[in-house]
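A quick write-up on the structure given underneath.
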Protein chains: 2
Amino acid sequence: MKVKMGDQTRNLFAVWYEDNVVRLIDQRKIPEALEIYTAKDSDEIAFAIKDMVVRGAPAIGVTAAYGLAMANLSGEDMEKAVDKISKTRPTAFDLFKAISYMKSNNFDLGAALRYSKEITGRCKKIGEIGNTIIKDRSRILTHCKAGALAVVDWGTALAPMRIANSAGKKITVLVDETRPRMQGARLTAWELEQEGIEHYIIADNAAGYYMSHGEVDLAIVGADRIAANGDFANKIGTYEKAVLAKENNVPFYVAAPGSTFDFSLKSGEGIPIEERHEDEVLKIGNIRVANSGSRSKNPAFDVTPSKYVTAFITEYGMFDPSSLKSLKSKMDADLFMR
Amino acid sequence: MKVKMGDQTRNLFAVWYEDNVVRLIDQRKIPEALEIYTAKDSDEIAFAIKDMVVRGAPAIGVTAAYGLAMANLSGEDMEKAVDKISKTRPTAFDLFKAISYMKSNNFDLGAALRYSKEITGRCKKIGEIGNTIIKDRSRILTHCKAGALAVVDWGTALAPMRIANSAGKKITVLVDETRPRMQGARLTAWELEQEGIEHYIIADNAAGYYMSHGEVDLAIVGADRIAANGDFANKIGTYEKAVLAKENNVPFYVAAPGSTFDFSLKSGEGIPIEERHEDEVLKIGNIRVANSGSRSKNPAFDVTPSKYVTAFITEYGMFDPSSLKSLKSKMDADLFMR
């Protein structure tokens with residue numbers, strides 16, 4: 001992804017391997033600072049996933065793959081290493097996909113590098129396919145962050161917008177700020193600025209307002225895990241925006257690589273939802289913003305039933321929820337996805 | 001309303017007149033501090049409304065009534081005074097109701113005091129009527145703040161909860177934090193704590209999650225202006241929660257006194273929506289939380305079509321949107337409302 005550093009624009013990945021360590025753009029520090037977090041072993045990888053140095057299902061998968069390769073290289077007990085990495089975050093399916101891929105490939109560093117390259121290439125493909133649904137002057141709503149920071153490069157939901165923008169289409173993106181962690185206002189907006197794509201941050205409460213005023217042509221979001229019937233987990237609030245999109249006849253797309261599809265789950269009911277610390281709601285940074293005597297509840301994800309999804313944008317093409325069997329056939333025939 | 005001050009509990013109003021000045025609980029400072037703002041003339045009243053020292057349609061109306069009485073007492077040109085007060089905020093109908101009431105009563109201080117007492121009594125009545133729909137162990141969702149701070153005492157949406165709580169019903173309130181100004185997390189939560197009512201602050205994004213999990217029995221919100229057909233304006237995000245309530249078969253109630261009904265408007269299309277400064281979204285306090293190169297859009301209210309409303313809770317009883325004509329007849333027969 002393009003990143004402006006002073007007068008220069010550099011191309012950076014969200015996560016990469018070099019000199020026997022894993023480097024990650026520290027997503028806790030964006031947009032105030034661009035800092036690189038260095039993970040020297042699998043413990044530091046586990047911390048980076050858990051503490052949200054790295055966020056976004058595909059990027060978590062790539063980071064986990066590197067972590068297992070590092071554990072293997074330093075002679076760790078691999079059963080324990082797998083256990084440690086798999087317990088970092090419960091919802092994102094890419095984490096488990098990456099672990100199973102690394103298991104099948106003897107936890108080899110080369111496999112982790114291939115995994116990263118594969119996922120990135122697949123997200124570029126998502127961008128090319130998703131670009132076909134974006135018209136010149138499209139006004140697009142997105143929720144949370146599903147850009148390059150969430151993958152390695154390109155992004156999922158943002159990949160079609162990147163390609164549309166490069167192709168000269170003038171688009172405007174409405175970015176839900178995405179409370180409580182504000183990934184929209186902080187990370188997605190930062191990425192869109194780097195790419196020079198026009199965008200406005202809105203309170204999550206205002207998404208329905210713009211949809212009902214006919215000011216949103218389509219919505220594109222990412223996903224953390226998609227069940228066989230098309231129900232999908234994504235950042236809290238996605239369900240709300242999907243219901244509102246249907247109510248206002250706004251097409252609602254989910255962009256995700258095959259690695260986010262969990263065909264072992266019949267429906268979204270089986271997707272575990274992470275409950276995070278209540279301070280994420282009550283404080284911003286270290287400052288208490290809520291009434292001091294009050295408590296909060298903080299589910300990090302929600303599950304959107306498939307009936308609200310217009311189509312899934314994948315590297316294999318676009319699939320509406322009723323045609324996911326055909327996606328499964330394509331994935332079954334794809335060596336990487338087995 | 002009860003307010004804890006050290007070891008003591010005092011009874012305070014959101015706005016009151018004493019010693020030739022108007023005193024207001026400064027709602028910009030709650031919950032960090034309980035400070036009283038003193039308005040010595042109509043300019044300071046106008047500032048208090050505009051800068052959101054006072055918020056909530058009925059409380060804005062009462063404050064405006066006092067402001068006009070003060071202007072009259074100090075011999076101001078009353079046409080200019082009315083113009084000044086009416087331009088403070090565009091959406092809340094109570095502001096215009098109060099102005100018209102004061103006009104009909106020669107801008108008399110006694111009339112302002114009666115107006116305040118009337119509105120407060122009517123909100124208590126709303127509480128008694130609304131209490132009938134609250135069961136023991138009800139789990140209630142609310143958005144923004146419609147408590148005593150929004151009126152003078154009792155509140156609108158919070159009045160039924162106060163009465164239910166006093167009656168010994170055990171209730172739990174889910175409080176939307178209500179971005180961008182966080183009136184839920186800051187003001188509603190503060191009021192509920194003072195009353196000892198169990199509550200949890202949630203991200204606005206999580207309301208749909210709890211409704212779809214069957215963890216909300218009913219929703220009660222306030223209103224800033226209600227049109228003749230039952231469309232109503234309220235804090236941004238209310239429309240989203242109303243759509244989600246209908247989708248999940250959660251009864252959705254709007255609590256408001258007659259003074260919030262604008263029967264001159266056929267539908268919600270005519271309600272002016274205030275667009276506020278984009279820094280309300282981009283900053284929290286003085287701290288920039290969003291990406292520095294990004295802009296925002298910030299509509300302060302939205303209009304919820306009447307089809308999403310189960311019933312209006314008023315001092316005259318409960319009315320579903322199709323029976324608002326009968327509410328109008330009652331208001332026409334009510335000297336205060338003419």
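The chains referred to below are lettered A, B, ... by the order of the sequence lines, with proteins before strands, and numbering in each begins at 1. Note that the structure is predicted; figures quoted are calculated from it, not measured.
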A:F13 CZ: over 12 foreign heavy atoms closer than 6.0 Å: no
Per-residue contacts, residues 24-31 of chain B versus chain A, heavy atoms under 4.5 Å: B:P31
B:E32/A:R288 ion pair, N-O < 4.0 Å: no
Side-chain donor/acceptor of B:E240 to backbone N/O of A:L244, under 3.5 Å: no
Heavy-atom contact with chain B under 4.5 Å, split by part of A:I273: side chain
Point-to-point distance, once rounded to the nearest 0.5 Å, from CE of A:M182 to CZ of B:R179: 4.0 Å
Residues which pass side chain to side chain donor-acceptor pair (under 3.5 Å) with B:N165, listed by chain and number, not counting sequence neighbours: none
Taking every non-hydrogen atom, the tightest pair across B:R186 and A:V289: NH1-O, 2.7 Å
Option among B:H199, B:E193, B:E191 that satisfies the side-chain hydrogen bond (donor to acceptor under 3.5 Å, both in side chains) test with A:N291: B:E193
Toward chain A, the part of B:L282 with a non-hydrogen atom under 4.5 Å: side chain
Closest-packed option against chain A by number of heavy-atom pairs under 4.5 Å, given B:L174, B:D204, B:L192, B:L187: B:D204
A:Y239 side chain to B:E247 side chain, donor-acceptor N/O pair below 3.5 angstrom: no
Contacting region of B:H143 [heavy-atom separation from chain A under 4.5 Å]: side chain
Minimal non-hydrogen separation, A:I201 against B:S294, with atom names: CD1-CB, 3.5 Å
B:K266, NZ: over 12 other non-hydrogen atoms inside 6.0 angstrom: no
Under 4.5 Å from a heavy atom of chain A, the part of B:E280 involved: neither
Proximity breakdown for B:K246 and chain A, heavy-atom pairs closer than 4.5 Å: neither
Student check: side-chain heavy atoms of A:N205 and B:K241 closer than 4.5 Å: yes
Pick from A:S292, A:G184, A:P305, A:P299 with the largest number of heavy-atom pairs that fall under 4.5 Å of chain B: A:P299
Segment of A:I284 engaging chain B (4.5 angstrom heavy-atom cut-off): side chain
Separation between OH of A:Y209 and CG of B:N298, rounded to the nearest 0.5 Å: 10.5 Å
Heavy-atom contact with chain A under 4.5 Å, split by part of B:F301: backbone
Among B:A207, B:S212, B:A203, B:A189, residue most engaged with chain A (heavy-atom pairs, under 4.5 Å): B:A189
